[in-house]
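Since the structure comes first, as structure tokens, the remarks are kept for the end.
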Amino acid sequence: MVVKLYGLTTSTKTRSVAQVCKELNLPYELVVVDIRNGEQKLPKHTQHHPFGQVPYIDDDGFILYESRAIARYLVKKYGKQSGLVPMDDPEAEAKFECAASIEAFNFDPYAYGVAWEKVFKLRRGLQTDEARMADMLASLNAKLDAYEVILGKQAYLAGDNVTLADFFHLPLGTMLEGPGFELDIFTKRPNVSRWWKAISTRPSWLAVKDGA
């Protein structure tokens with residue numbers, strides 16, 4: 001069985017789903033959606049993803065959108081023993097959901113805010129709002145100070161085993177640490193640096209880092 005992944009090879013969320021497939025050794029077929037020309041807003045796409053975004057998957061007729069939901073679904077169906085979503089221990093699962101919430105509400109909005117100003121706006125021919133970027137970066141650094149405390153007590157955000165909550169940081173985090181950006185938001189904090197090195201060098205991420 002091959003999962004069809006509808007998205008763009010360089011899309012952050014598409015690569016996030018692709019990484020999970022790689023981690024689980026789950027074959028997938030990337031069906032390219034030309035978002036630069038607005039294909040994601042056409043009826044053939046919005047009938048499956050009503051928000052007109054990417055990615056979504058077709059798993060033998062089962063359609064699902066939202067990358068975090070897709071990742072959970074794939075692990076629960078194809079990788080129950082992977083530990084990427086703890087399922088046999090209510091406390092471990094609760095810690096995973098806590099870590100996933102940390103990423104969704106304390107990392108993603110600020111990392112995306114910085115990336116929007118510094119990368120995405122420039123790609124659209126728009127000018128960076130330096131003041132807003134500075135605010136977003138200051139907020140992100142404050143959040144990562146809390147990460148430093150958490151990761152001083154355990155190897156990963158949900159405990160001593162890697163989970164999807166860690167993986168979800170990779171697409172935007174890699175962008176902020178990439179050539180021409182290099183904000184040093186991870187490496188200047190010892191515990192965060194150790195964690196970031198562990199997840200960003202994982203073979204499943206390296207396989208999709210430059211394209212799903």
Side-chain angles (χ1 to χ4, degrees), residues 1-82 84-85 87 96-97 99-101 103-105 107-109 111-116 118-126 162-176 178 199-200 202-212:
M1 180 63 210
V2 177
V3 172
K4 289 187 177 180
L5 172 59
Y6 289 77
L8 185 68
T9 184
T10 56
S11 153
T12 55
K13 300 305 184 184
T14 302
R15 284 181 290 141
S16 186
V17 172
Q19 182 194 5
V20 176
C21 292
K22 292 289 187 181
E23 189 77 24
L24 301 177
N25 293 314
L26 176 64
Y28 70 92
E29 174 191 351
L30 178 66
V31 181
V32 176
V33 179
D34 188 357
I35 64 176
R36 293 181 179 88
N37 288 317
E39 187 177 355
Q40 77 279 15
K41 303 298 184 183
L42 297 179
K44 69 176 183 178
H45 186 87
T46 57
Q47 68 176 321
H48 300 304
H49 196 317
F51 295 99
Q53 298 171 342
V54 294
Y56 74 85
I57 63 165
D58 180 345
D59 183 20
D60 197 23
F62 177 67
I63 306 296
L64 186 64
Y65 55 92
E66 292 298 327
S67 61
R68 293 176 181 85
I70 295 170
R72 284 173 167 86
Y73 163 77
L74 293 176
V75 169
K76 289 182 178 183
K77 184 172 182 179
Y78 297 106
K80 289 183 179 179
Q81 304 307 313
S82 68
L84 294 177
V85 177
M87 298 180 214
F96 161 74
E97 291 298 345
S101 292
E103 183 276 331
F105 298 105
F107 179 82
D108 187 86
Y112 182 83
V114 175
W116 170 254
K118 189 69 174 177
V119 179
F120 298 127
K121 284 178 77 170
L122 297 181
R123 290 177 181 174
R124 291 164 172 78
L126 304 173
V162 70
T163 68
L164 291 180
D166 303 294
F167 290 174
F168 291 157
H169 293 77
L170 285 164
L172 280 176
T174 299
M175 181 179 292
L176 300 188
I199 63 172
S200 64
R202 202 164 177 97
S204 60
W205 174 244
L206 296 179
V208 302
K209 177 181 176 181
D210 297 321

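Nothing here was measured: the structure is a model prediction, and the numbers come from that model. FYI, the numbering just counts along the sequence from 1.
Distance check: Y78 OH to N25 CG gives 14.0 Å after rounding to the nearest 0.5 Å. The structure places OG1 of T12 at 8.0 Å from OH of Y112, a figure rounded to the nearest 0.5 Å. In this structure, CE in M175 is found 13.5 Å from NZ in K118, a value given to the nearest 0.5 Å. Note that OG of S82 and CG of L164 are 7.0 Å apart. Values are rounded to the nearest 0.5 Å. The distance from the CD1 atom of I70 to the OH atom of Y65 is 10.5 Å, given to the nearest 0.5 Å. Atoms CD and CG, on E103 and L172 in that order, are 8.0 Å from each other to the nearest 0.5 Å.
Taking a 6.0 Å sphere around NZ of K209, one finds it holds 12 or fewer heavy atoms contributed by other residues, nucleotides or ligands. Around the CZ atom of F51, the shell of radius 6.0 Å holds no more than 12 heavy atoms that belong to other residues, nucleotides or ligands.
Within the 4.5 Å cutoff, side-chain heavy atoms of R68 are placed close to those of D108.
Under a 3.5 Å cut-off, the side chain of S101 and the backbone N or O of E97 do form a donor-acceptor pair. Distance alone, capped at 3.5 Å, places no donor-acceptor pair between the R15 side chain and the D210 backbone.
In this structure, L64 and A69 approach most closely via the heavy-atom pair CD2-O, 3.8 Å. For the pair Y28 and A18, the tightest heavy-atom approach, listed with the atom from each and the gap, is OH-CB, 3.6 Å. Looking at every heavy atom in both residues, F167 comes nearest to V162 through CE2-CG2, 3.6 Å. Of all the heavy atoms in P55 and L5, the pair that sits closest is CB-CD1, 3.7 Å. Nearest heavy atom pair, residue L170 against residue S200, reads CD2-CA, 3.6 Å. Among all heavy-atom pairs drawn from Q19 and S204, the shortest one is NE2-OG, 3.2 Å.
The ring of F168 has its center no closer than 6.0 angstrom to the ring center of F107.
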>> Could you walk me through whether L84 and L24 satisfy the side chain to side chain contact (heavy atoms under 4.5 Å, CB included) test, starting with their C-alpha distance in whole Å, then the side-chain angles of each, then the deciding distance to 0.1 Å, before giving a yes or no?
In response: CA-CA 10 Å; L84 294 177; L24 301 177; 4.2 Å; yes

>> Quick one, T9 with V32, criterion side chain to side chain contact (heavy atoms under 4.5 Å, CB included). Give me CA distance, side-chain angles, the key distance, then yes/no.
In response: CA-CA 7 Å; T9 184; V32 176; 5.7 Å; no

> Should L8 and Q40 be marked as a side chain to side chain contact (heavy atoms under 4.5 Å, CB included) after you check the CA-CA gap, both sets of side-chain angles, and the distance that decides it?
Replying inline: CA-CA 10 Å; L8 185 68; Q40 77 279 15; over 6 Å; no

> Checking side chain to side chain contact (heavy atoms under 4.5 Å, CB included) for the pair I57/I63: CA distance, chi angles, key distance, verdict?
Replying inline: CA-CA 6 Å; I57 63 165; I63 306 296; over 6 Å; no

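Ring-plane geometry between Y73 and F62 is classed as tilted, the angle between the planes lying from 30 to 60 degrees on a 0 to 90 degree scale.
Residue pairs satisfying the side-chain hydrogen bond (donor to acceptor under 3.5 Å, both in side chains) criterion with at least one member in residues 41-52, sequence neighbours excluded, are listed as follows: E39-K44.
Under 4.0 Å is where a charged nitrogen must lie from a carboxylate oxygen, and between D166 and R202 no such pair does.
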